[in-house]
Each structure stands twice: as structure tokens, then as C-alpha cells.
Amino acid sequence: MPELPEVEIAKRSLSNHILNKKILDVTIINPKLRYFLKKKDFTKIINKTVNAVERVSKYILLKFADQSVVLIHLGMTGRLYFKSKNSNNKDTSFYSKQSILKKHDHVLFKFKNFNLIYNDIRKFGFIKYYNFLDSKNISHLNGLGPEPLSKNFSKDYFLKKLKNKKAPIKNTLMDQRFVAGLGNIYVNEALFISKISPKKLSFKLNSKEITNLIHSIKKIIKKSIKMGGSTIKNYHNSEGRQGSYQAEFKIYGRQGQKCIRRACKGVIRRNMSSNRSFFFCPICQRI
DNA sequence: CGGGACTCCTGAGGGC
DNA sequence: TGCCCTCAGGAGTCCC
């Protein structure tokens, strides 16, 4: 689920459920994630009330009154889901039965009337605890570029940053220090909509292309959030619902198909760069 | 330093 | 059915 829109959806759902609620207990089911989960960290949030739920780039922050923070990153396959204690048979004994365990569950946060569970198939995600002092300076959040929907993500910003940038524009847009929150799907979509080749070198974008690209990115991200994000391979959000933006994909995953632009006779191609695939129409995204 | 490749991990899907 | 291969929405690290 993990680009900006999907994380934003996860954050809103979390906020609806756990804001101003007290964490009664935490159980580490499987500590092996990107960073090993330490029990002593998680005991520190027991009996604390969630003061704020925020999203920064693809990170979710749970904040507490004493200014400690839990930082969550979903990686590729991380997801947070709720389990109501009353809905599911008579078992109200807090995760006592093995049968409740789902494969790849890692952490369970116990609240009064429900449990919140972090599940992650590939273990690329992480959950980290920061105390008051460390929370002021979370390394993961240092050096992030502007959010795509912010005013700072502007033409002036592009002109300044791209001037001497030799990397292909696709790589630049994936770089979280340039813009925070985009990933492979939305970068591919934005480049297609603005008719820019992913391989075009960043400094070679002209003024009109930059304007189009910024506009496309903002539009796509807004629309995707509105539609609940994208759901691929049946991942779903914490309320069990699926996003529907994947139906809007115009280029991602469409290799071999005809370009959707009526006047264009192009056939969509897929290439690899830095171990990531990218998709483009060789006709309307000519270099 | 910038840029690219490799790495962590599990599962799905295709070819044979 | 099973085996082997490739690929998956991220990002930290290493190497040139």
C-alpha cells in the first residue's frame, strides 16, 4: 500500500480509530522487521494516549503527550488493520487464542474495544520508538524534500534543483530528498500524463514540461487520495476496504498494450532501471 | 559528491 | 503437481 495516497488513507483511518485512545498493551508477535523490534521500547507506550496521528511522506507518526513518537513505515507490504474484540466470536481475552494469529502479523496494539495489528509479508517496513529527545531529530525524516501537494513543490523549486541534475527525471522523482512521498506507480503515471520520457535527463526538462509535470503530480495524488488510494494484489486498507485508483492507471503495468491516447499508435513498453521497472509510450513520451 | 546497483523478504504467477 | 525463474507500490548501503 505504500505511496503517499495509500499512507494518507492509512493515516486517516488510524486517526479515526485511535486518536485520543489509550494503548492498553502491546504484544510483539514477530520482532523481525527491517529493524528488530525491541520489547523494552514498546513497553514505554503502554498506558499512553495517542495525542496525534500524522503523515510525513510515506511515514506515519503516532505522537504522545510526553513528546515520544512511534514512527511507522509500511515498506512494500506493511499494513495496519483493526480487529474488533466483540465482532469475532466470544474471544475477548486479548489475543489468547492462536487461531486469531494471521500469518505475518508482527505487532498488536491493544485498545479498549479493539486491537490494532501491524502485518507485513515482506518485512521491509518498520516501527520505531523515539523518546522525547530523539523525536526531535528522526533521521528518517531528515532531508526529505517537499510534499507534492505543498506550495513549496513549485516551478521555482524545480528550476533550482534540476539545473545541474543529470539523473533521468524518473529517478529524480523517486528520490525522496527531491520530493517526499512519490513511488514507482505515481511517478510513471505523472510522466505519462505530462508526455515526458522517464529517461529524459532532469536538467533537460523545459519550462512547459516542468509546469505540466507539477500539475500532473498534484492532480494524480489528489485524485488517488479521493479514491482511497490504489489496491494491488488485494492489499486493502485498515478497514478492509480497497482503494480504486488502480482503475485509473494509464501506463503502469500496461506493457504490450496500446497507448490510451486515441491519436497515438504507440505500444507501451517496460524497461528496468536501478532494479525498478518503468513504463512508457515510446511515441508520446519520446525523449 | 552523484548516480546506479544491490540488498533485505515472501508470495504470486508464468513456463516447462 | 512441482520446480525454477522473475517480479512486486521502498529505501539504506555500498561502490565507482
Side-chain angles (χ1 to χ4, degrees), chain A residues 1-10 30-37 55-60 71-80 102-106 118-128 138-145 148 161-192 198-204 217 220-221 224-225 227-237 242-256 269-279:
Chain A
M1 356 196 321
E3 297 184 44
L4 190 155
E6 292 75 33
V7 179
E8 175 64 23
I9 297 300
N30 176 358
K32 207 170 170 294
L33 278 178
R34 177 164 196 130
Y35 305 110
F36 199 88
L37 302 173
R55 180 193 59 74
V56 175
S57 183
K58 299 173 196 170
Y59 299 90
I60 293 171
L71 184 72
I72 303 171
H73 193 286
L74 303 173
M76 290 277 220
T77 52
R79 79 195 175 87
L80 290 154
K102 267 200 209 158
K103 211 173 176 185
H104 307 301
D105 282 350
H106 286 267
Y118 179 81
N119 181 286
D120 194 339
I121 297 172
R122 292 176 69 186
K123 304 180 172 66
F124 289 169
F126 63 80
I127 304 178
K128 275 188 180 178
I138 299 176
S139 67
H140 298 279
L141 306 182
N142 287 341
L144 287 174
K161 294 289 261 189
L162 298 188
K163 201 159 63 176
N164 296 311
K165 194 108 179 125
K166 295 189 191 83
I169 186 63
K170 195 260 178 181
N171 300 37
T172 301
L173 294 174
M174 296 275 293
D175 184 344
Q176 304 300 301
R177 291 166 305 177
F178 177 73
V179 52
L182 300 183
N184 210 25
I185 288 183
Y186 295 106
V187 165
N188 275 283
E189 293 296 314
L191 288 169
F192 174 74
K199 292 181 279 191
K200 185 156 192 162
L201 302 186
S202 304
F203 73 92
K204 291 199 169 174
I217 291 170
I220 288 168
I221 295 297
S224 182
I225 292 172
M227 296 178 73
S230 305
T231 302
I232 290 188
K233 298 188 181 176
N234 294 321
Y235 295 141
H236 39 76
N237 69 28
Q242 305 199 342
S244 56
Y245 190 78
Q246 66 279 4
E248 302 288 313
F249 291 172
K250 312 236 179 311
I251 194 87
Y252 184 84
R254 300 183 92 102
Q255 67 274 27
R269 300 205 0 216
R270 173 177 167 274
N271 270 3
M272 292 285 267
S273 154
S274 311
N275 275 351
R276 309 304 299 274
S277 53
F278 62 96
F279 305 86

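We name chains A, B, ... by the order of the sequence lines, and we start the count at 1 in each one. Given the structure is predicted, the values throughout are model-derived calculations rather than measurements.
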Which nucleotide, [options], lies nearest any side-chain atom of [X]?
X: A/Gln176; options: B/dG4, B/dT10, C/dA11; answer: C/dA11
X: A/Lys166; options: C/dG10, C/dA8, B/dG3; answer: B/dG3
X: A/Glu3; options: B/dT10, C/dG10, B/dG3; answer: C/dG10
X: A/Lys32; options: B/dG4, B/dG11, B/dC9; answer: B/dC9
X: A/Lys103; options: B/dG11, C/dA8, C/dG12; answer: B/dG11

Short side-chain N/O contact to [N] OP1/OP2 from [X], under 4.0 Å:
X: A/Lys123; N: B/dC8; result: no
X: A/His104; N: B/dC9; result: no
X: A/Ser277; N: C/dA8; result: yes
X: A/His140; N: C/dG12; result: yes
X: A/Arg276; N: C/dG10; result: yes

Atom-pair distance ([atom1] on [X]; [atom2] on [N]), nearest Å:
X: A/Ile138; N: C/dG12; atom1: CD1; atom2: P; value: 13 Å
X: A/Arg177; N: C/dG10; atom1: CZ; atom2: C1'; value: 14 Å
X: A/Leu141; N: C/dG10; atom1: CG; atom2: C1'; value: 15 Å
X: A/Arg34; N: C/dA11; atom1: CZ; atom2: P; value: 9 Å
X: A/Met174; N: B/dG2; atom1: CE; atom2: P; value: 19 Å
X: A/Asn30; N: B/dC9; atom1: CG; atom2: C1'; value: 11 Å
X: A/Leu173; N: C/dG10; atom1: CG; atom2: P; value: 13 Å
X: A/Met272; N: B/dG4; atom1: CE; atom2: C1'; value: 13 Å

(Q) Does the plane of the ring in A/Phe249 sit parallel, tilted or perpendicular to the ring in A/Tyr186? Use 30° and 60° as the thresholds. (A) perpendicular

Q: Evaluate the ring planes of A/Tyr59 and A/Phe126, with Trp represented by its six-membered ring, and classify them as parallel (under 30°), tilted (30 to 60°) or perpendicular (over 60°).
A: tilted

Pairwise [atom1] distance for [N] and [M], with rounding to whole Å:
N: B/dA5; M: C/dC7; atom1: P; answer: 14 Å
N: C/dC3; M: B/dC9; atom1: P; answer: 22 Å
N: B/dG11; M: C/dA11; atom1: P; answer: 22 Å

Q) Out of A/Leu201, A/Asn171, A/Thr172, which one pairs with A/Lys165 under the side chain to side chain contact (heavy atoms under 4.5 Å, CB included) rule? A) A/Thr172

NA contact type, [X], heavy-atom cut-off 4.0 Å: base, sugar-phosphate, or nothing?
X: A/Arg270; answer: sugar-phosphate
X: A/Phe249; answer: nothing
X: A/Tyr59; answer: sugar-phosphate
X: A/Asn171; answer: sugar-phosphate

(Q) Please identify which of these residues, A/Asn184, A/Asn188, A/Asp175, meets the side-chain hydrogen bond (donor to acceptor under 3.5 Å, both in side chains) condition with A/Lys170. (A) A/Asn184

Q) What is the distance from atom CG of A/Asn30 to atom NZ of A/Lys123, rounded to the nearest 0.5 Å? A) 5.5 Å

Q.
Rounded to the nearest 0.5 Å, what separates atom CD1 in A/Ile60 from atom NE2 in A/His73?
A. 9.5 Å

Q. For A/Asn119 and A/Lys103, does a side-chain donor sit closer than 3.5 Å to a side-chain acceptor?
A. no

Q | Base of C/dA11 and ring of A/Phe124 stacked, centres under 5.5 Å, planes under 30° | A | no

Q | Watson-Crick or G-U wobble mate for C/dC14, both contacts under 3.5 Å | A | B/dG4

Q. Which comes earlier along DNA chain B counting from the 5' end, the contact point of A/Asn275 or that of A/Lys165, where each point is its nearest nucleotide?
A. A/Lys165

